[in-house]
Amino acid sequence: MESEAHDPIPVLDLGPEIESIWQEVSEVAQRVLRSGYFVGGPEVQGFESEAAEYLGVGHAVALNSGTDALVIGLRALGIGPGDEVITSPFTFFASPESIGIIGATEVFADVDPESFNIDPERVEEAVTPRTRALMPVHLFGRPADMDAISDIAQRHDLAVIEDAAQSFGARFGPDSKFRGRQTGSVGELGAFSFYPTKNLGACGDGGLLVTDDPDLAARARLLRDHGSARRYENETLGYNSRLDAIQAGLLRVKLPRLDRNNEARRAAASRYGEWFADVEGVTAPRVVPGHVFHQYTIRVSGGRRDEVQAALRQASIGSMIYYPIPCHRLPVYADRRISMPVTERLAGEVLSLPIWPAIEQAAQMRVVETISEVLR
Ligand SMILES: *Cc1c(COP(=O)(O)O)cnc(C)c1O
């Protein structure tokens with residue numbers, strides 16, 4: 001017991017998943033290496049059609065990263081300088097970065113303290129005559145309030161591009177008019193990331209843009225390949241943002257197992273939730289239907305978050321703070337001087353704990369015990 005108590009617990013362990021598919025992944029790697037198709041090609045097309053079917057969308061365009069999916073999505077919508085896009089200040093930098101990099105203006109709307117997702121009331125307040133699109137983020141794998149967000153979009157004639165980088169496989173719950181549908185599939189566009197730590201992770205960078213609109217899909221395909229539908233006939237300034245065949249092949253092995261893995265994450269989250277129920281000072285995330293727990297993120301009240309994290313470190317337990325600096329407070333936006341009180345409070349309270357599909361109950365128990373000892 002004593003020695004076991006000191007085994008380190010990482011915040012994420014990618015080992016068990018790759019071990020469980022080693023044989024198939026090895027075969028895919030050999031198939032791709034022998035095929036001579038390394039960028040794009042049949043493996044990528046195969047993945048695109050399987051992903052489109054899984055997500056329930058008409059078109060899926062494989063790209064080099066989730067960031068590119070956002071950038072190319074915004075460009076495909078025709079958004080540029082002078083346009084405003086509303087997004088969350090409590091997200092990974094790539095969400096607002098994608099808006100600024102194409103010359104548009106990122107406008108932040110504060111989040112809801114319980115879901116960590118953009119608050120529709122704040123979105124409504126942020127709409128101006130220049131607003132062109134809304135970019136909700138399904139943070140940590142929890143579906144954002146798309147009923148309200150799509151209402152606002154409809155009323156103001158705005159496009160919606162969902163940042164679903166953290167929510168591959170998440171579905172809207174029974175109370176939503178989108179019930180049962182996948183996050184990323186209900187806006188004009190949905191952007192996904194296959195960064196290795198995401199729920200559907202590649203062994204390198206990768207991304208996907210999905211839509212039901214054939215024109216948007218065609219535009220995205222054009223942009224990912226230097227603005228050319230036909231080689232050497234470049235129609236516009238684009239990007240080099242194609243997906244590698246080896247990543248597509250790996251993702252084709254992983255996609256059929258995603259639901260089971262997400263289910264296992266949800267079960268792990270439920271166990272944490274039960275065990276945290278009587279730990280005072282900890283607010284555990286609600287296990288809402290369809291949430292895929294890309295992160296399991298608690299709130300620690302009373303200014304004791306850093307103390308809790310130090311105790312975990314002492315016990316060789318990994319944890320992360322997503323995100324320590326609200327986007328609007330990043331050095332790059334130093335001139336903004338805006339205040340987003342909910343996000344600012346969350347940045348001082350949140351702590352993401354170890355979670356992956358095969359995490360063992362004993363490890364989770366140790367995490368909870370270590371935290372409850374500090375807060376007792
Ligand atoms: C990971 C992530 C991205 C960017 O994806 P990359 O593949 O790393 O470029 C965008 N938005 C959010 C919310 C993310 O978590």
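Counting starts at 1 for both ligands and their atoms, following the listed order. We number each residue from 1, following the sequence as shown.
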Original post:
Does at least one non-hydrogen atom of Lys198 fall below 4.0 angstrom from an atom of ligand 1?
Top reply: yes
Original post:
Which atoms form the tightest heavy-atom contact between Pro16 and Ala358, and what is the distance?
Top reply: CB-CB, 3.9 Å
Original post:
How close do Cys327 and Tyr333 get, heavy atom to heavy atom, and via which atoms?
Top reply: O-CD1, 3.1 Å
Original post:
Which residue, Thr283, Val279, Val368, Val282, forms the side chain to side chain contact (heavy atoms under 4.5 Å, CB included) with Ile298?
Top reply: Val282
Original post:
Taking Arg132 as the fixed residue, which of Thr105, Ile79, Leu158 is the one that meets the side chain to side chain contact (heavy atoms under 4.5 Å, CB included) rule?
Top reply: Ile79
Original post:
Hey, is ligand 1 close enough to Phe194 that some N/O pair sits below 3.5 Å?
Top reply: no
Original post:
Can you find an N/O atom of Ser193 closer than 3.5 Å to an N/O atom of ligand 1?
Top reply: yes
Subject >> Donor-acceptor contact present, side-chain Asn234 to main-chain Ser228, <3.5 Å >> reply: no
Original post:
Between the main-chain N or O of Ala62 and the side-chain N or O of Glu48, is there a donor-acceptor pair closer than 3.5 Å?
Top reply: yes
Just which atoms of ligand 1 are under 4.0 Å from any heavy atom in [X]?
| X | value |
| --- | --- |
| Val137 | 13 (C) |
| Ser65 | 7 (O), 9 (O) |
| Thr91 | 13 (C) |

Original post:
Heavy atoms only: which of Leu208, Asp68, Asp163 is nearest to atom 13 (C) of ligand 1?
Top reply: Asp163
**OP:** Would you check, one step at a time, whether the test ring pair (Phe, Tyr, Trp, His ring centres under 6.0 Å) holds for Phe116 with Phe140?
**Re:** CA-CA 9 Å; Phe116 303 151; Phe140 304 149; 5.7 Å; yes
Subject >> Nearest neighbour in protein (non-hydrogen) for atom 4 (C) of ligand 1 >> reply: Thr67 OG1, 3.5 Å
Subject >> Protein contact of atom 15 (O) of ligand 1 - nearest heavy atom, named by residue and atom, plus distance >> reply: Gln166 NE2, 2.8 Å
**OP:** Could you see which bit of Ala94 sits under 4.0 Å from ligand 1, with heavy atoms only: side chain, backbone, both or neither?
**Re:** side chain
